[in-house]
Amino acid sequence: MLGLIILSCYRYRFNADSSPQRLLEIHAHSESCRAARFINDGHAIITGSSDRSILATDLETGSPIARLENAHEDAIFSLINLTESTVATGDDQGCVKVWDTRQRSCCNSFNVHDDYVSDMTFASDSMKLLSTSGDGTLSVCNLRTNKIQSQSEFSEEELLSVVIMKNGRKVICGSQNGTLLLYSWGFFKDCSDRFTALSPNSIDSLLKLDEDRVITGSENGLISLLGILPNRVIQPLAEHSEYPIECLAFSHDRKYLGSISHDQLLKMWDLDDLLQNSGNAQNDQAPVSDSDSDAMDMDTKPPKSRKGAKRKNEHANDATSSFFADL
């Protein structure tokens, strides 16, 4: 699914042996559709818009299931799935809300940031919702207590993307100046490591491949595969265009990697081919780290069980603004 600046959502079917087929066009909002996710086991979609509304739509018929007008006081910028029946949204002024899709009501609300909520991720085992913002902070909200549990010190650069890695022990944030900030779980005030190999190009999108590797999308259109602890560039995977990578997502079977950029194109990459090529090059890459504390961040323990101009302004000029995880 694609969300567009022109207010609509498109549903496509992809097949390796044929051209993409458009199955459905949904006129979802009165202003740009900025974020979208599948819900109800893929039978419906939920979209967030700069018109401040949230819309759930049936994928087979294109009919609206539910609409929440004025869901936020400001334009919605980001949206993610939390559980089977909850999603979270973030707006341009730093407010994060959690919604029950069955009750169609707000469960939690956090005025956590001073600028737009650029990205979010969820730690389901501890019920912690993590968000990054244009104000340069990473925040942790506890959904059990409905409190803001922790917030990092202000970074000089906007934080644009976030993932949890190393079996929950590390939080990785992409920044406007191309630095990856690594935080140790439970110690969110300041990052424990900085990885600068992709600087100065902003890291607009992060997609976790596994607990040790992350795929990055940068403002120069380059898609790269990075190793985390030891920090290293394994290799560039693909080049979408000369424009910023707005979003990355896997297909449902993880066979394909999808990317969108300001060139108004959705591109699908054969992930097996990309990773096979990266495997051949991995031995040639030397570890690179800018760690402030090597002893703290060496990954020696076994895994435990269990944007200059604000990015929202750049986002508003993009013709293809969002697309779903698990295409």
Side-chain angles (χ1 to χ4, degrees), residues 80-83 88 118-133 137-143 149-153 155 159-175 178-199 203-218 223-235 237 248-250 254 257 271 274-275 278-279 281-283 285-306 325-326:
I80 63 165
N81 299 89
L82 303 182
T83 67
S118 56
D119 197 12
M120 294 179 285
T121 191
F122 183 56
S124 58
D125 55 344
S126 60
M127 294 295 290
K128 303 293 195 315
L129 177 60
L130 284 70
S131 60
T132 52
S133 172
T137 64
L138 165 70
S139 295
V140 183
C141 298
N142 190 321
L143 301 192
Q149 180 167 312
S150 185
Q151 188 169 28
S152 72
E153 299 292 338
S155 170
L159 299 187
L160 307 178
S161 46
V162 59
V163 292
I164 300 172
M165 298 183 66
K166 294 293 181 178
N167 296 287
R169 292 186 287 115
K170 292 292 177 180
V171 176
I172 318 299
C173 297
S175 72
T179 299
L180 279 179
L181 305 183
L182 282 68
Y183 293 84
S184 296
W185 188 266
F187 300 90
F188 297 109
K189 287 298 181 182
D190 194 12
C191 65
S192 57
D193 199 359
R194 295 174 182 265
F195 182 35
T196 63
L198 298 183
S199 182
I203 302 173
D204 298 351
S205 182
L206 291 173
L207 184 63
K208 184 170 77 172
L209 180 63
D210 52 38
E211 297 302 329
D212 301 311
R213 295 177 296 171
V214 63
I215 299 172
T216 65
S218 299
I223 302 171
S224 303
L225 180 64
L226 272 58
I228 300 298
L229 296 176
N231 300 333
R232 65 197 188 283
V233 177
I234 297 175
Q235 87 163 63
L237 291 177
L248 298 168
F250 293 125
R254 294 174 68 93
L257 171 68
L271 194 58
L274 294 180
L275 295 180
S278 71
Q282 188 168 353
N283 293 332
Q285 296 290 337
V288 179
S289 178
D290 296 293
S291 175
D292 297 326
S293 176
D294 292 336
M296 175 183 293
D297 279 311
M298 287 300 292
D299 190 36
T300 56
K301 297 182 180 179
K304 297 179 180 179
S305 59
R306 2 167 237 151
D326 298 328

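The figures that follow rest on heavy atoms only: side chains count, while hydrogens, waters and symmetry mates do not.
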### Task
Before giving the answer on side-chain contact (heavy atoms from CB on, under 4.5 Å), spell out for Leu180 and Arg194 the whole-Å C-alpha distance, their side-chain angles and the decisive distance to 0.1 Å.
CA-CA 6 Å; Leu180 279 179; Arg194 295 174 182 265; over 6 Å; no
### Spatial distance of atom NZ (Lys189) from atom OG (Ser152) [nearest 0.5 Å]
8.0 Å
### Task
Give the intermediate values and the outcome of side-chain contact (heavy atoms from CB on, under 4.5 Å) for residues Lys166 and Leu229.
CA-CA 9 Å; Lys166 294 293 181 178; Leu229 296 176; 3.8 Å; yes
### Query
Do Leu209 and Arg254 pass the side-chain contact (heavy atoms from CB on, under 4.5 Å) test, and can you show the C-alpha distance, the side-chain angles, and the key distance before you say yes or no?
CA-CA 9 Å; Leu209 180 63; Arg254 294 174 68 93; 3.7 Å; yes
### Query
Are Ser118 and Thr132 close enough that a side-chain donor and a side-chain acceptor fall under 3.5 Å?
yes
### Query
Looking at side-chain heavy atoms only, is the closest gap between Ser192 and Tyr183 below 4.5 Å?
no
## Note on the structure
In this structure, CG of Leu275 is separated from CG of Leu225 (nearest 0.5 Å) by 6.5 Å
### Task
Kindly compute the distance separating SG (Cys191) from CG (Leu181), expressed to the nearest 0.5 Å.
5.0 Å
#### Entry: Rounded distance (nearest 0.5 Å) linking atom CG of Leu206 with atom CG of Leu226
9.0 Å
### Task
Indicate yes or no: at least one non-hydrogen side-chain atom of Ile228 is less than 4.5 angstrom from one of Ile172.
yes
### Query
Would you say the side chain of Thr137 lies within less than 4.5 Å of the side chain of Glu153, judging by non-hydrogen atoms?
no
### Message
Does any part of the side chain of Met127, heavy atoms only, come nearer than 4.5 Å to the side chain of Phe122, both counted from C-beta?
### Response
yes
### Task
Mind listing the closest non-hydrogen atom pair of Leu160 and Ile203 along with its distance?
CB-O, 3.6 Å
### Query
Where do Leu182 and Asn231 land on the side-chain contact (heavy atoms from CB on, under 4.5 Å) test, with the steps shown first?
CA-CA 10 Å; Leu182 282 68; Asn231 300 333; 3.8 Å; yes
### Query
Looking only at heavy atoms, what is the nearest atom pair of Asp210 and Lys208, with distance?
O-CG, 3.0 Å
### Message
So which atom in Met120 and which in Ser131 form the shortest heavy-atom distance, rounded to 0.1 Å?
### Response
CG-CB, 3.8 Å
### Message
Test your reading of the model: is there a side-chain donor-acceptor pair from Glu211 to the backbone of Asn167, 3.5 Å cut-off?
### Response
yes
### Query
Out of curiosity, Leu130 CG to Asp119 CG, how far, rounded to the nearest 0.5 Å?
10.5 Å
### Message
I need the Phe187 CZ to Lys170 NZ distance, nearest 0.5 Å.
### Response
9.5 Å
### Query
Given side chains that start at C-beta, do those of Val163 and Leu207 come closer than 4.5 Å, heavy atoms only?
no
### Query
Side-chain contact, heavy-atom cut-off 4.5 Å: Ser161 with Ser205?
no
### Query
Less than 4.5 Å apart, any side-chain heavy atom of Ile80 and any of Leu129?
yes
### Task
With the side chain counted from C-beta on, respond yes when Arg169 and Ser184 share a heavy-atom pair under 4.5 Å apart, and no when they do not.
no
